[in-house]
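Read the structure below first, then the notes.
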Amino acid sequence: MIEGVIFTPLYIVDTEGGDVLHAMKSSDPGFSGFGEAYFSTVESNAIKGWKLHREMVLNLVVPKGAVRFVIFDDRVNSKTEGKFGEFVLSRRNYGRLTVPPKLWLGFQGVDAQDSLLLNIANIPHDPNEVACKALDEIDYNW
């Protein structure tokens with residue numbers, strides 16, 4: 001596990017007519033305030049990344065489909081410096097992935113259909129706090 005990253009199993013409540021999928025409570029591990037929540041669609045086999053947030057804490061949930069998240073730690077003096085962490089979130093592995101600032105993140109749709117990703121962020125999106133790299137700038141075999 002990459003230093004500072006938290007995986008929190010979440011509950012799915014089976015109800016007649018449709019399920020209730022928990023995402024986050026203010027008392028949960030990883031909650032560090034609320035800035036905004038947004039959904040992204042991830043097409044099958046599409047790869048998005050690499051992004052590094054300087055301030056934003058990401059809380060990622062996949063209520064539909066399946067998404068593989070890859071985290072790369074290039075933080076100097078981190079216990080996991082130079083390491084990768086990989087997580088697949090889906091209904092079968094339903095949980096929340098909390099990613100602290102200063103880690104590189106890429107992700108790929110690994111379901112046959114489009115997937116839906118929810119991010120519950122601690123601050124509103126600010127393009128000035130994000131750094132981006134092309135996929136080939138970090139050596140990872142997608």
Side-chain angles (χ1 to χ4, degrees), residues 1-15 18-142:
M1 178 80 74
I2 297 296
E3 183 179 7
V5 173
I6 302 168
F7 175 76
T8 306
L10 297 174
Y11 299 102
I12 299 176
V13 181
D14 236 357
T15 62
D19 299 334
V20 175
L21 288 81
H22 286 242
M24 181 167 246
K25 295 182 284 193
S26 61
S27 59
D28 284 348
F31 181 80
S32 56
F34 177 76
E36 76 173 322
Y38 61 85
F39 291 94
S40 296
T41 57
V42 186
E43 296 175 1
S44 180
N45 295 313
I47 301 171
K48 296 183 176 187
W50 297 98
K51 285 190 175 183
L52 176 146
H53 289 275
R54 294 179 184 96
E55 299 173 34
M56 184 183 284
V57 176
L58 309 174
N59 285 287
L60 306 167
V61 179
V62 177
K64 180 179 180 288
V67 178
R68 175 171 56 153
F69 296 91
V70 178
I71 302 167
F72 177 64
D73 186 355
D74 70 349
R75 299 171 296 178
V76 176
N77 296 324
S78 166
K79 293 177 184 173
T80 53
E81 180 181 1
K83 306 269 190 224
F84 288 92
E86 184 176 311
F87 306 87
V88 176
L89 298 182
S90 68
R91 289 285 288 264
R92 282 174 276 148
N93 186 36
Y94 190 65
R96 183 181 59 254
L97 189 63
T98 301
V99 182
K102 300 182 178 140
L103 292 170
W104 290 99
L105 177 72
F107 54 93
Q108 178 181 27
V110 293
D111 197 66
Q113 299 179 14
D114 289 359
S115 298
L116 186 63
L117 163 63
L118 167 63
N119 180 25
I120 304 168
N122 67 323
I123 61 172
H125 176 74
D126 176 359
N128 296 317
E129 71 88 39
V130 180
C132 297
K133 289 186 178 191
L135 283 177
D136 63 358
E137 288 185 76
I138 295 177
D139 187 23
Y140 185 79
N141 183 15
W142 288 95

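The analysis underlying the following values was restricted to heavy atoms, covering all of them including side chains, and did not include hydrogens, waters or symmetry mates. For this chain, numbers begin at 1 and follow the sequence in order.
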### Point-to-point distance, once rounded to the nearest 0.5 Å, from CD1 of Ile123 to CD of Glu36
9.0 Å
#### Entry: side chain to side chain contact (heavy atoms under 4.5 Å, CB included) between Met1 and Thr80, worked out
CA-CA 8 Å; Met1 178 80 74; Thr80 53; over 6 Å; no
### Side-chain heavy atoms of Val67 within contact of Ser90, under 4.5 Å
no
#### Entry: Exercise: identify the closest heavy-atom pair between Pro100 and Glu3
CG-O, 4.5 Å
### Message
With side-chain contact (heavy atoms from CB on, under 4.5 Å) as the test, pick out the partner of Leu89 among Leu117, Val62, Val110, Leu10.
### Response
Val62
### Query
For Tyr11, does the OH atom have more than 12 heavy-atom neighbours from other residues, nucleotides or ligands under 6.0 Å away?
no
### Message
Between Glu129 and Glu55 (side chain of the first, backbone of the second, donor and acceptor by atom type, cut-off under 3.5 Å), is there such a pair?
### Response
yes
### Summary
Residues pairing under side-chain hydrogen bond (donor to acceptor under 3.5 Å, both in side chains) where one sits in residues 102-121, two or more places apart or in two chains, turn out to be Tyr38-Asn119, Arg68-Gln108, Asp74-Trp104
### Query
Quick one: does Asn122's side chain get under 4.5 Å of Met56's, heavy atoms only?
yes
### Expected output: side-chain Arg96 to main-chain Ala23 donor-acceptor under 3.5 Å
yes
### Message
Counting only heavy atoms from other residues, nucleotides and ligands, does the tally under 6.0 Å from NZ of Lys51 exceed 12?
### Response
no
### Task
Fit a plane to each ring of His53 and His125, take the angle between them on a 0 to 90° scale, and name the class: parallel (under 30°), tilted (30 to 60°) or perpendicular (over 60°).
perpendicular
### Task
Identify the two heavy atoms, one from Arg54 and one from Ala131, that lie closest to each other, and give their separation to 0.1 Å.
NH2-CB, 3.6 Å
### Residue pairs fulfilling ring pair (Phe, Tyr, Trp, His ring centres under 6.0 Å) with at least one residue in residues 57-95, sequence neighbours excluded
Phe69-Phe107, Phe72-Phe84, Phe84-Tyr140
### Query
Judged by atom type as modelled, is there a donor-acceptor pair below 3.5 Å linking the side chain of Asp126 to the main-chain atoms of Asn128?
yes
### Query
Would a 4.5 Å heavy-atom cut-off, applied to side chains only, mark Leu60 and Leu105 as touching?
yes
### Message
If you define the side chain from C-beta out and look only at heavy atoms, does anything of Val5 sit under 4.5 Å from Asp73?
### Response
no
### Message
Please identify which of these residues, Thr98, Ile6, Thr8, meets the side-chain contact (heavy atoms from CB on, under 4.5 Å) condition with Asn59.
### Response
Thr98
### CD/Glu43: more than 12 non-hydrogen atoms of other groups inside 6.0 Å
no
### Query
Taking everything shown except Lys83 itself, do over 12 heavy atoms lie less than 6.0 Å from its NZ?
no
### Query
Between CG of Leu21 and CG of Leu118, what distance do you get to the nearest 0.5 Å?
10.5 Å
### Task
Would you check if Leu52 and Val130 make a side-chain contact, meaning some heavy-atom pair closer than 4.5 Å?
no
### Task
Before giving the answer on side chain to side chain contact (heavy atoms under 4.5 Å, CB included), spell out for Leu97 and Ile71 the whole-Å C-alpha distance, their side-chain angles and the decisive distance to 0.1 Å.
CA-CA 11 Å; Leu97 189 63; Ile71 302 167; 4.2 Å; yes
